[in-house]
There are 2 protein chains.
Amino acid sequence: MFFLKDLPTPDMTSQYARYYAPLEPEQIVDVLTELRRASLLIRDIEAYFRERDFSLLRFLILIIIDRQSDRDYLQFSEIVEKVDVSKPVVTRTIKCMVETGLLSMHGDEADKRIKNYSLTDAGKACIQDLFPGYFKLLGAAAGKSNS
Amino acid sequence: MFFLKDLPTPDMTSQYARYYAPLEPEQIVDVLTELRRASLLIRDIEAYFRERDFSLLRFLILIIIDRQSDRDYLQFSEIVEKVDVSKPVVTRTIKCMVETGLLSMHGDEADKRIKNYSLTDAGKACIQDLFPGYFKLLGAAAGKSNS
DNA sequence: CCTCTTTAGTTATCATGCTAACAAAATAGG
DNA sequence: CCTATTTTGTTAGCATGATAACTAAAGAGG
């Protein structure tokens, strides 16, 4: 998805290069090649999590809370900013993660709008379970880029 | 989306590198950096088409039919293979494109299962309209990668 | 021919992304 | 204080991706 199997061909660039003069055709081919590689890897990663009834976004949310060095929780808006996905998607995803026992919510006494989320033990275990396979996919991609 | 705003940090690699020994931490950082760059560009591209009530997939379908050098049509299954998206998504997308007059369908007398699709004049015009902005986004990304 | 398998494409259902519009709490400023 | 604005997070609705299961036509083998 996202990019054509055989897109970066010379005819494409020569045919369409006139549309935006400042660009070298080779640069466009490079960008398209990178997009293609990345979209395949993203698809593999998403398939990896989907096969385990999980999702990349849920995994990333676990990771960023775990990585926070000074606290064991993050505020909703901090999560949104770090994962860089729209707020409604984060609302929905976090709701599911609380329901399945991966996150716990605790409010703020001073500001009743704020919601903070921490990892549960199950959430920490989930990272441990999923990390090796995830890392392996990244590593396989790194290997290919060197060839 | 897809990758964290600040993911490729040293602590992440040192903390998790043990999960998959053969990998150099720098390689993982490179892959994550590439994923991040690509996912931002994909998001920009999708936003570009969405703002114009279109989609990347519809655009790619137009392009691959247009690029076919020996014929002015493609069979459904050829489109599926080239765009590398699941068949049901292509069915739905092409249906919409026929309804909005961008593609025309013509069957095959010998094999009644087969459906071939060609660009209409509106479909060709659509490519002309959308290509410059698309190319510009690719070019902006190419520029950034060099810096 | 007549069944069985394969191929081509569709339908149904769900997950995850988005924007727009909203509700509730906090803050600002007269 | 009391209204107006800002901030925090949610709800509603839609677009686009996936898989599983299906229909219909073609081909294969007795």
Side-chain angles (χ1 to χ4, degrees), chain A residues 1-4 38-61 73-100 103 105-117, chain B residues 1-4 38-61 73-100 103 105-117:
Chain A
M1 63 171 154
F2 292 134
F3 266 86
L4 301 175
S39 64
L40 288 178
L41 177 54
I42 289 168
R43 180 158 65 178
D44 287 348
I45 291 172
E46 291 183 334
Y48 169 74
F49 288 110
R50 186 166 44 239
E51 284 159 13
R52 285 150 185 83
D53 292 316
F54 213 62
S55 76
L56 173 57
L57 179 57
R58 277 177 258 173
F59 182 72
L60 293 177
I61 289 171
Y73 63 89
L74 280 179
Q75 187 181 330
F76 175 82
S77 57
E78 293 175 316
I79 297 173
V80 169
E81 204 222 346
K82 284 174 187 290
V83 298
D84 199 20
V85 165
S86 68
K87 284 191 299 181
V89 173
V90 177
T91 295
R92 185 214 287 148
T93 305
I94 283 184
K95 184 177 176 224
C96 158
M97 294 172 77
V98 170
E99 283 168 359
T100 56
L103 294 183
M105 192 277 276
H106 35 109
D108 182 303
E109 293 106 48
D111 187 336
K112 289 173 186 169
R113 295 170 304 178
I114 289 176
K115 298 189 174 182
N116 294 302
Y117 294 95
Chain B
M1 64 172 154
F2 293 131
F3 267 87
L4 301 175
S39 63
L40 288 178
L41 178 54
I42 289 167
R43 180 158 66 175
D44 287 347
I45 291 171
E46 290 182 335
Y48 169 75
F49 288 110
R50 187 165 45 239
E51 285 160 12
R52 286 152 185 81
D53 292 315
F54 214 62
S55 76
L56 173 56
L57 179 57
R58 277 177 258 172
F59 183 70
L60 293 177
I61 289 172
Y73 63 89
L74 279 178
Q75 188 182 329
F76 174 83
S77 57
E78 294 175 316
I79 296 173
V80 169
E81 203 224 345
K82 283 174 188 290
V83 298
D84 197 20
V85 166
S86 66
K87 283 191 299 181
V89 173
V90 177
T91 295
R92 184 214 286 151
T93 305
I94 283 183
K95 184 177 176 227
C96 157
M97 294 172 77
V98 170
E99 283 168 359
T100 55
L103 295 182
M105 192 275 277
H106 36 109
D108 182 304
E109 292 106 48
D111 187 336
K112 289 173 186 170
R113 296 170 303 177
I114 290 176
K115 298 188 174 183
N116 295 302
Y117 294 94

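No hydrogens, no waters, no symmetry mates; every other heavy atom, side chains included, goes into these values. In this text, all values refer to a predicted model and were calculated from it rather than measured experimentally. Order of the sequence lines fixes the chain letters, A, B, ..., with proteins taken first and strands second; residue numbering starts at 1 for each chain.
- Lys95(B) places its NZ atom 18 Å from the C1' atom of dA8(C), with the value rounded to the nearest Å.
- Minimum atom distance to the side chain of Phe76(B) is reached by dG9(C), of the listed dG9(C), dA18(D), dT8(D).
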Identify all side-chain donor-acceptor contacts of residues 108-117 of chain B below 3.5 Å with residues at least two apart in sequence or on another chain.
from, atom 1, to, atom 2, distance (Å)
Asp108(B), OD1, Ala110(B), N, 2.7
Asp108(B), OD1, Asp111(B), N, 3.0
Asp111(B), OD1, Arg113(B), N, 3.0
Asp111(B), OD1, Arg113(B), NE, 3.1
Asp111(B), OD2, Arg113(B), NH2, 2.9

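- The Leu57(B) side chain lies nearest to dG17(D) when the options are dG17(D), dT19(D), dT10(D).
- Straight-line distance from the CZ atom of Arg50(B) to the C1' atom of dA20(C): 13 Å, rounded to whole Å.
- OP1 or OP2 of dA15(D) has not a single side-chain nitrogen or oxygen of Ser55(B) nearer than 4.0 Å.
- Looking only at side-chain heavy atoms (C-beta outward), Val80(A) and Phe76(A) come within less than 4.5 Å of each other.
- Atom P of nucleotide dA26(C) and atom CD of Gln75(A) are separated by 13 Å, given to the nearest angstrom.
- Look at CG on Leu40(A): it is 15 Å from C1' on dG17(D), rounded to the nearest Å.
- Between the CZ atom of Phe49(A) and the C1' atom of dT16(C) there is a distance of 14 Å, rounded to whole Å.
- Between Val83(B) and Val89(B), the closest side-chain pair of non-hydrogen atoms is not below 4.5 Å.
- Considering every non-hydrogen atom in both Met105(A) and Gly107(A), the closest pair reads SD-N, 3.7 Å.
- With distances taken from any side-chain atom of Val85(B) to the nucleotides dT16(D), dG17(D), dT11(C), the minimum falls on dG17(D).
- A heavy atom lying under 4.0 Å from DNA chain C marks the following residues of residues 108-117 of chain B, by number: Arg113(B), Ile114(B), Lys115(B).
- Here dG17(D) presents its C1' atom at 16 Å from NZ of Lys87(B), a figure rounded to the nearest Å.
- Separating the CG atom of Asp53(B) from the P atom of dT19(C) is a distance of 14 Å, rounded to the nearest angstrom.
- Residue Pro88(A) has its side chain nearest to dA12(D) when only dA18(D), dA12(D), dT16(D) are considered.
- Side-chain contact between Leu40(B) and Asp84(A) is present, with heavy atoms from C-beta onward closer than 4.5 Å.
- The base of dG9(C) is not paired with the side chain of Arg92(B) by any donor and acceptor separated by under 3.5 Å.
- Between Phe49(A) and Phe54(A), the ring planes lie tilted relative to each other; the angle falls in the 30° to 60° range.
- To the nearest angstrom, C1' of dT19(D) lies 11 Å from CD of Glu51(A).
- Using a 4.0 Å heavy-atom cutoff across all strands shown, Ser77(B) reaches sugar-phosphate atoms only and no base atom.
- Note on residues 87-100 of chain A: no pairs pass side chain to side chain donor-acceptor pair (under 3.5 Å), not counting sequence neighbours.
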